[in-house]
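Before any comments, here is the structure.
Whatever order the structure lists ligands and atoms in, that order sets their numbers, starting from 1. Throughout, numbering of the chain's residues begins at 1 and tracks the sequence. Not measured: the values here are computed from a predicted model.
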Amino acid sequence: MSTPASTWTVEAAAKILLEAEATRTDRHPITDDWPALDLQTAYQVQAALIADKVAHGAKIVGVKLGLTSAAKQRRMGISSPLTAWLTDDMVLEPGAPLKINDLIHPRVEPEIVFVLDKRLAGPGVTRESALAAVGSVYCGLEVIDSRYTDFKFTLPDVVADNASSAKFVVGELKCDAGELDLALEACALSVNGNVVDSATGAAVQGHPAEALALAANALAERGIALESGWIVLTGGMTDAVFIEPGNQIAAEFTHLGSVAIAGA
Ligand code: 0L1
Ligand code: MG
(Lines give C-alpha, C1' and ligand atoms only; values in the text may rest on other atoms or scores of the structure.)
(Ligands and ions follow the chains in the order given, each with its own letter.)
Protein backbone atom coordinates (compact mmCIF):
# COMPACT_ATOMS: atom_id res chain seq x y z
CA MET A 1 0.00 0.00 0.00
CA SER A 2 1.49 3.38 -0.91
CA THR A 3 1.84 6.29 1.51
CA PRO A 4 -0.68 9.11 0.82
CA ALA A 5 1.00 12.26 -0.55
CA SER A 6 -0.23 14.29 2.43
CA THR A 7 1.80 12.21 4.91
CA TRP A 8 5.19 12.53 3.17
CA THR A 9 7.94 14.48 4.88
CA VAL A 10 11.68 14.89 4.32
CA GLU A 11 12.37 12.57 7.26
CA ALA A 12 9.88 9.93 6.04
CA ALA A 13 11.46 9.89 2.58
CA ALA A 14 15.00 9.61 4.03
CA LYS A 15 13.89 6.74 6.29
CA ILE A 16 12.33 4.83 3.40
CA LEU A 17 15.49 5.16 1.28
CA LEU A 18 17.72 4.13 4.20
CA GLU A 19 15.52 1.07 4.77
CA ALA A 20 15.64 0.16 1.08
CA GLU A 21 19.45 0.32 1.23
CA ALA A 22 19.72 -1.63 4.51
CA THR A 23 17.34 -4.37 3.37
CA ARG A 24 18.66 -4.38 -0.22
CA THR A 25 15.14 -3.94 -1.55
CA ASP A 26 14.43 -1.82 -4.59
CA ARG A 27 11.27 0.27 -4.71
CA HIS A 28 9.27 2.54 -6.96
CA PRO A 29 10.25 6.22 -7.23
CA ILE A 30 9.21 8.43 -4.33
CA THR A 31 7.75 10.93 -6.81
CA ASP A 32 5.14 8.28 -7.79
CA ASP A 33 3.62 8.79 -4.32
CA TRP A 34 4.88 12.29 -3.57
CA PRO A 35 4.73 14.19 -6.89
CA ALA A 36 5.36 17.48 -5.07
CA LEU A 37 8.94 16.40 -4.23
CA ASP A 38 10.94 19.18 -5.89
CA LEU A 39 14.70 19.51 -6.27
CA GLN A 40 15.19 21.69 -3.22
CA THR A 41 13.25 19.28 -1.01
CA ALA A 42 15.09 16.33 -2.57
CA TYR A 43 18.41 17.84 -1.44
CA GLN A 44 16.90 18.12 2.05
CA VAL A 45 16.05 14.40 1.91
CA GLN A 46 19.63 13.69 0.80
CA ALA A 47 20.95 15.77 3.72
CA ALA A 48 18.67 13.99 6.21
CA LEU A 49 19.78 10.60 4.90
CA ILE A 50 23.47 11.50 5.27
CA ALA A 51 22.89 13.04 8.69
CA ASP A 52 21.41 9.72 9.80
CA LYS A 53 24.46 7.84 8.49
CA VAL A 54 26.80 10.28 10.26
CA ALA A 55 24.78 9.89 13.47
CA HIS A 56 25.40 6.13 13.14
CA GLY A 57 29.18 6.58 12.79
CA ALA A 58 29.83 7.27 9.11
CA LYS A 59 32.27 10.05 8.24
CA ILE A 60 31.95 12.35 5.24
CA VAL A 61 35.04 11.99 3.03
CA GLY A 62 33.99 14.02 0.03
CA VAL A 63 31.41 14.68 -2.65
CA LYS A 64 30.45 13.15 -5.93
CA LEU A 65 28.92 14.56 -9.03
CA GLY A 66 26.39 12.60 -11.02
CA LEU A 67 25.10 12.90 -14.55
CA THR A 68 27.99 15.10 -15.70
CA SER A 69 28.51 13.27 -19.01
CA ALA A 70 26.23 12.99 -22.05
CA ALA A 71 26.54 9.17 -21.85
CA LYS A 72 25.10 9.14 -18.33
CA GLN A 73 22.48 11.80 -19.04
CA ARG A 74 21.24 9.91 -22.11
CA ARG A 75 21.03 6.61 -20.25
CA MET A 76 19.15 8.03 -17.28
CA GLY A 77 17.03 10.44 -19.37
CA ILE A 78 18.01 13.35 -17.13
CA SER A 79 19.97 16.34 -18.43
CA SER A 80 21.00 18.03 -15.15
CA PRO A 81 24.15 17.20 -13.19
CA LEU A 82 23.74 16.78 -9.44
CA THR A 83 25.83 16.53 -6.28
CA ALA A 84 25.83 13.94 -3.51
CA TRP A 85 27.93 12.76 -0.57
CA LEU A 86 30.74 10.25 -0.13
CA THR A 87 31.18 8.57 3.26
CA ASP A 88 34.00 6.39 4.56
CA ASP A 89 31.88 3.23 4.51
CA MET A 90 31.64 3.56 0.71
CA VAL A 91 35.41 3.19 0.28
CA LEU A 92 36.47 -0.06 -1.36
CA GLU A 93 40.21 -0.71 -1.06
CA PRO A 94 41.99 -1.52 -4.35
CA GLY A 95 41.87 -5.30 -4.87
CA ALA A 96 39.07 -5.86 -2.34
CA PRO A 97 36.18 -7.90 -3.78
CA LEU A 98 32.76 -6.31 -4.19
CA LYS A 99 30.21 -8.47 -2.40
CA ILE A 100 27.30 -8.40 -4.83
CA ASN A 101 24.81 -9.82 -2.31
CA ASP A 102 25.37 -6.79 -0.08
CA LEU A 103 23.82 -4.65 -2.82
CA ILE A 104 20.63 -4.56 -4.91
CA HIS A 105 21.73 -4.38 -8.58
CA PRO A 106 25.17 -2.73 -8.70
CA ARG A 107 26.63 -1.10 -11.78
CA VAL A 108 30.17 0.23 -12.20
CA GLU A 109 31.39 3.36 -13.99
CA PRO A 110 34.85 4.90 -14.55
CA GLU A 111 35.61 8.31 -13.10
CA ILE A 112 38.38 10.88 -12.78
CA VAL A 113 38.91 11.56 -9.07
CA PHE A 114 40.34 14.64 -7.39
CA VAL A 115 41.71 14.97 -3.87
CA LEU A 116 41.70 18.58 -2.70
CA ASP A 117 44.57 20.17 -0.83
CA LYS A 118 42.78 23.50 -0.37
CA ARG A 119 39.30 24.47 0.75
CA LEU A 120 37.11 25.38 -2.24
CA ALA A 121 34.07 27.60 -1.75
CA GLY A 122 31.70 29.03 -4.36
CA PRO A 123 30.15 31.06 -5.80
CA GLY A 124 32.24 32.13 -8.75
CA VAL A 125 34.52 29.09 -8.89
CA THR A 126 35.94 28.57 -12.40
CA ARG A 127 37.74 25.61 -13.96
CA GLU A 128 41.05 27.37 -13.18
CA SER A 129 40.28 28.20 -9.54
CA ALA A 130 38.89 24.70 -9.05
CA LEU A 131 42.09 23.13 -10.42
CA ALA A 132 44.16 25.34 -8.11
CA ALA A 133 42.50 23.63 -5.12
CA VAL A 134 43.33 20.13 -6.38
CA GLY A 135 46.23 18.35 -4.70
CA SER A 136 46.23 15.18 -6.78
CA VAL A 137 44.25 13.29 -9.37
CA TYR A 138 43.52 9.58 -9.65
CA CYS A 139 41.52 7.15 -11.73
CA GLY A 140 38.57 5.53 -10.03
CA LEU A 141 35.55 3.27 -10.35
CA GLU A 142 32.23 4.08 -8.75
CA VAL A 143 29.72 1.38 -7.86
CA ILE A 144 26.20 2.76 -8.11
CA ASP A 145 23.19 0.90 -6.70
CA SER A 146 19.97 2.84 -7.12
CA ARG A 147 17.37 2.07 -4.53
CA TYR A 148 14.80 2.39 -7.34
CA THR A 149 13.71 -0.56 -9.48
CA ASP A 150 15.58 -0.81 -12.79
CA PHE A 151 17.42 2.50 -12.07
CA LYS A 152 14.24 4.33 -13.18
CA PHE A 153 13.84 7.72 -11.47
CA THR A 154 13.30 11.44 -11.91
CA LEU A 155 15.93 14.04 -10.95
CA PRO A 156 14.42 14.67 -7.46
CA ASP A 157 14.22 10.91 -6.84
CA VAL A 158 17.90 10.31 -7.61
CA VAL A 159 19.02 13.40 -5.67
CA ALA A 160 17.09 12.17 -2.62
CA ASP A 161 18.77 8.75 -3.04
CA ASN A 162 22.24 10.36 -2.73
CA ALA A 163 22.76 9.78 -6.47
CA SER A 164 22.62 5.98 -6.25
CA SER A 165 25.84 5.95 -4.19
CA ALA A 166 27.12 2.63 -2.91
CA LYS A 167 30.91 2.12 -3.12
CA PHE A 168 33.95 3.53 -4.87
CA VAL A 169 37.57 2.60 -5.38
CA VAL A 170 40.38 5.05 -6.08
CA GLY A 171 43.38 3.92 -8.14
CA GLU A 172 46.80 3.73 -6.52
CA LEU A 173 48.71 5.98 -8.94
CA LYS A 174 48.82 9.56 -7.63
CA CYS A 175 49.19 12.19 -10.40
CA ASP A 176 49.64 15.93 -10.53
CA ALA A 177 46.60 17.53 -12.20
CA GLY A 178 48.75 20.40 -13.50
CA GLU A 179 50.91 18.01 -15.50
CA LEU A 180 48.06 16.37 -17.40
CA ASP A 181 45.52 17.51 -19.96
CA LEU A 182 42.55 15.93 -18.23
CA ALA A 183 40.21 16.72 -21.15
CA LEU A 184 42.36 14.41 -23.30
CA GLU A 185 42.87 11.75 -20.60
CA ALA A 186 41.38 8.59 -22.09
CA CYS A 187 39.82 5.62 -20.38
CA ALA A 188 38.92 2.15 -21.68
CA LEU A 189 36.32 0.25 -19.65
CA SER A 190 36.46 -3.52 -19.82
CA VAL A 191 34.41 -6.44 -18.55
CA ASN A 192 36.36 -9.68 -18.13
CA GLY A 193 39.11 -8.32 -20.37
CA ASN A 194 36.84 -7.15 -23.20
CA VAL A 195 36.69 -3.41 -23.80
CA VAL A 196 33.02 -2.40 -23.74
CA ASP A 197 33.25 1.40 -23.71
CA SER A 198 35.69 4.31 -23.77
CA ALA A 199 35.74 8.07 -23.22
CA THR A 200 38.06 10.95 -22.50
CA GLY A 201 37.88 13.45 -19.63
CA ALA A 202 36.22 15.89 -22.02
CA ALA A 203 33.08 13.75 -21.64
CA VAL A 204 32.75 15.19 -18.13
CA GLN A 205 31.43 18.73 -18.66
CA GLY A 206 34.22 19.43 -21.21
CA HIS A 207 36.86 18.97 -18.47
CA PRO A 208 36.62 17.27 -15.05
CA ALA A 209 37.64 20.55 -13.35
CA GLU A 210 34.46 22.11 -14.80
CA ALA A 211 32.58 19.44 -12.86
CA LEU A 212 34.51 20.33 -9.71
CA ALA A 213 33.68 24.03 -10.21
CA LEU A 214 30.04 23.08 -10.77
CA ALA A 215 30.02 21.17 -7.47
CA ALA A 216 31.62 24.06 -5.57
CA ASN A 217 29.13 26.58 -6.97
CA ALA A 218 26.10 24.32 -6.47
CA LEU A 219 27.08 23.47 -2.88
CA ALA A 220 27.64 27.17 -2.13
CA GLU A 221 23.93 27.72 -2.81
CA ARG A 222 23.34 25.49 0.22
CA GLY A 223 26.07 27.19 2.27
CA ILE A 224 28.53 24.30 1.91
CA ALA A 225 32.23 24.48 0.96
CA LEU A 226 34.45 21.64 -0.23
CA GLU A 227 37.08 20.97 2.43
CA SER A 228 40.79 20.31 2.05
CA GLY A 229 41.42 16.55 1.98
CA TRP A 230 38.06 15.72 0.46
CA ILE A 231 37.73 13.25 -2.39
CA VAL A 232 35.69 14.39 -5.42
CA LEU A 233 34.28 11.89 -7.92
CA THR A 234 33.66 14.00 -11.01
CA GLY A 235 31.02 11.73 -12.57
CA GLY A 236 30.79 8.63 -14.74
CA MET A 237 32.67 9.13 -18.02
CA THR A 238 30.78 6.32 -19.79
CA ASP A 239 27.55 4.49 -19.19
CA ALA A 240 27.76 2.14 -16.18
CA VAL A 241 28.01 -1.65 -16.61
CA PHE A 242 26.41 -4.32 -14.44
CA ILE A 243 28.71 -6.37 -12.22
CA GLU A 244 27.97 -9.95 -11.14
CA PRO A 245 29.86 -12.49 -9.02
CA GLY A 246 32.92 -13.64 -10.95
CA ASN A 247 33.04 -10.54 -13.18
CA GLN A 248 36.05 -8.27 -13.30
CA ILE A 249 35.41 -4.65 -14.31
CA ALA A 250 38.54 -2.64 -15.11
CA ALA A 251 39.28 0.90 -16.27
CA GLU A 252 42.59 1.62 -17.94
CA PHE A 253 43.61 5.25 -18.36
CA THR A 254 46.33 6.79 -20.53
CA HIS A 255 48.24 8.45 -17.66
CA LEU A 256 46.23 7.81 -14.47
CA GLY A 257 46.96 4.09 -14.34
CA SER A 258 44.30 1.44 -13.96
CA VAL A 259 41.79 0.26 -11.41
CA ALA A 260 39.62 -2.85 -11.20
CA ILE A 261 36.81 -4.35 -9.20
CA ALA A 262 36.05 -8.06 -8.96
CA GLY A 263 32.51 -9.12 -8.15
CA ALA A 264 32.24 -11.85 -5.48
O1 0L1 B 1 28.52 9.46 -11.93
C2 0L1 B 1 27.34 9.47 -12.21
O3 0L1 B 1 26.94 10.03 -13.23
C4 0L1 B 1 26.37 8.77 -11.24
C5 0L1 B 1 24.98 9.13 -11.50
C6 0L1 B 1 24.11 8.61 -10.45
C7 0L1 B 1 22.80 8.28 -10.95
C8 0L1 B 1 22.79 6.92 -11.57
O9 0L1 B 1 23.34 6.73 -12.67
O10 0L1 B 1 22.19 6.03 -10.96
MG1 MG C 1 29.43 8.22 -10.64
Side-chain angles (χ1 to χ4, degrees), residues 17 20-21 24 26-31 39 42-43 45-46 49-50 61-87 90-92 98 103-115 137-171 182 185 187 189 197-212 214-215 218-219 230-243 249 251 253 256 259 261:
L17 288 166
E21 182 178 352
R24 301 185 288 283
D26 55 328
R27 55 159 291 118
H28 57 276
I30 289 176
T31 52
L39 197 52
Y43 275 111
V45 175
Q46 186 193 93
L49 183 149
I50 292 300
V61 295
V63 302
K64 63 171 261 188
L65 288 114
L67 309 179
T68 47
S69 67
K72 291 285 315 186
Q73 293 184 354
R74 248 192 326 270
R75 163 66 75 172
M76 308 327 291
I78 296 174
S79 57
S80 295
L82 52 91
T83 62
W85 294 102
L86 300 175
T87 51
M90 295 177 191
V91 175
L92 197 62
L98 179 73
L103 300 165
I104 304 170
H105 45 193
R107 294 181 181 182
V108 180
E109 55 193 25
E111 307 228 0
I112 290 176
V113 182
F114 292 129
V115 175
V137 58
Y138 301 82
C139 64
L141 286 171
E142 182 182 19
V143 180
I144 50 173
D145 194 36
S146 175
R147 269 51 71 173
Y148 302 115
T149 306
D150 296 335
F151 277 79
K152 293 272 187 304
F153 41 65
T154 67
L155 180 59
D157 287 307
V158 65
V159 164
D161 188 30
N162 199 38
S164 312
S165 302
K167 299 278 179 195
F168 67 94
V169 57
V170 178
L182 289 177
E185 181 67 19
C187 159
L189 181 70
D197 211 340
S198 62
T200 65
V204 178
Q205 300 289 298
H207 190 291
E210 289 287 358
L212 175 57
L214 190 157
L219 289 169
W230 276 10
I231 300 166
V232 181
L233 300 190
T234 55
M237 299 165 72
T238 67
D239 192 9
V241 291
F242 279 111
I243 180 166
I249 314 292
F253 286 71
L256 296 175
V259 60
I261 295 181

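- Test L233, I50, V232 against L86 for side-chain contact (heavy atoms from CB on, under 4.5 Å) and you get one pass: L233.
- Inter-residue side-chain proximity for R27 and I30 is flagged as met; some heavy-atom pair is nearer than 4.5 Å.
- Sorted by chain and number, the heavy-atom contacts of ligand 1 below 4.0 Å come from L65, G66, L67, K72, M76, E109, E111, E142, I144, F151, F153, V158, A163, S164, G235, G236.
- Looking only at side-chain heavy atoms (C-beta outward), E109 and D239 stay at 4.5 Å or farther from each other.
- Residues M90 and T87 have side chains in contact (heavy-atom distance under 4.5 Å, counting atoms from C-beta outward).
- Note: E111 CD to F253 CZ = 8.5 Å, rounded to the nearest 0.5 Å.
- Taking 4.5 Å as the limit, some side-chain heavy atom of Q205 sits within range of a side-chain heavy atom of L214.
- Counting just the N/O/S atoms of E142, the one with the shortest distance to the Mg ion (ligand 2) is named OE1.
- To the nearest 10 degrees, the angle centred on the Mg ion (ligand 2) between OE2 in E111 and OE2 in E109 reads 100°.
- Taking the six-membered ring where the residue is Trp, W85 and W230 present perpendicular rings, their angle passing 60° and hence far from 30°.
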